[in-house]
Amino acid sequence: MNLSKVRMVLIATSHAGNIGAAARAMKNMGLERLYLVAPRDFPSEEALVRASGATDVLQQAVVCDSLAEALQGVGVVYGSSARQRTLAWPEVDVRGCAVQVSEVSLQDEVAIVFGRERIGLTNEELQLCHTLLHIPTNPDYSSLNVASAVQVVAYELRMAFLSSESAPVVEPVVADALARAEEMAHFYTHLEQTLVELEFLDPKNPRQLMPRLQRFFHRSQPTQLELGMLRGILSAALKKKKA
Ligand code: SAH
């Protein structure tokens, strides 16, 4: 586990106090990289007060306009969600997520995304996440305060970090690097354009085609080399169509 490769991304947080509490929860567990996407009220006095001694985490927080911007340079993205979604998405519980992050963070950047207090993550944001992360709760009352959710995730990451510290060191297998989040996003744009060109996808009636394809590609975790091949196939199909 390399905790310095993990960023916590909070989307459009309404209450500055939650940002402060999240910073504190992170620092307690040895995490430092906080990203804030369009926070409503930041920087703020309330955030500083709730951060207690974690003002350094707040001061270093990176403020972004969009989730895509906050994910630049990231390899694997987890979306933390209280809700069951209509479209099934790969899902892992928080403990399983921490175990996965323990491996992935040895080679790559990881983002864990937290939604708005009232409405969580939008579907567009969800689609930028490779896997959903769920904290098991009372099914009749499943939504935690966002800073509490950050606390639970940060704690599980710390526990995974501690067990990785005591485990014998195994060198990560050197393999092709996984495609990064922004490369996946470019691939989806290319795929969608191609499918429209080929008249397989009707932009007036797209149904759930793109989200379903995205789910499939997220699940298979293509490497950069594999994504390059897929994009080559798309370009060849487009060239043939236009010829
Ligand atoms: N009503 C919103 C809840 C938002 S709670 C919804 O239905 O999504 C604010 C954020 O805290 C969520 O977007 C999620 O990132 C996190 N969160 C809250 N409860 C959670 C849980 N049980 N598991 C995982 N994340 C949770």
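All ligand and atom numbering here is 1-based and tracks the order in the structure. Quick caveat: nothing in here was measured; it's all calculated off a predicted structure.
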Sub-4.0 Å atoms of ligand 1 with respect to non-hydrogen atoms of Ser143: 3 (C), 4 (C), 5 (S), 19 (N)
Within reach of ligand 1, part of Pro136 (heavy-atom separation under 4.0 Å): neither
Arg158 side-chain N/O to Asn28 backbone N/O, donor-acceptor pair under 3.5 Å: no
Side chain to side chain contact (heavy atoms under 4.5 Å, CB included) assessment of Leu234 paired with Phe187: CA-CA 9 Å; Leu234 295 180; Phe187 167 66; 3.8 Å; yes
Check ion pair Arg207-Asp202 (N to O, under 4.0 angstrom): no
Between CG on residue Leu31 and CG on residue Leu157, distance to nearest 0.5 Å: 5.5 Å
Distance filter under 4.0 Å to Ser80 heavy atoms, resulting ligand 1 atoms: 13 (O), 14 (C), 15 (O), 16 (C), 24 (C), 25 (N), 26 (C)
Within reach of ligand 1, part of Ser142 (heavy-atom separation under 4.0 Å): backbone
Numbered atoms and elements of ligand 1 in range of Phe114, under 4.0 angstrom, heavy atoms: 15 (O)
Parallel, tilted or perpendicular, as decided by the 30° and 60° cut-offs, for the rings of Trp89 and His218: perpendicular
Option passing side-chain hydrogen bond (donor to acceptor under 3.5 Å, both in side chains) with Asn18 (candidates Glu46, Glu117, Arg50): Glu117
Pick from Ala82, Gly115, Ala149: the one approaching atom 13 (O) of ligand 1 most closely through a non-hydrogen atom: Gly115
Element-labelled atoms of ligand 1 that are located less than 4.0 Å from some non-hydrogen atom of Ile135: 21 (C), 22 (N), 23 (N), 24 (C)
Heavy-atom nearest option to atom 5 (S) of ligand 1, drawn from Leu132, Val153, Leu144: Leu144
Ligand 1 atoms in contact with Leu133 (distance to a heavy atom under 4.0 Å): 24 (C)
Any donor-acceptor pair under 3.5 Å from Arg180 side chain to Gly73 backbone: yes
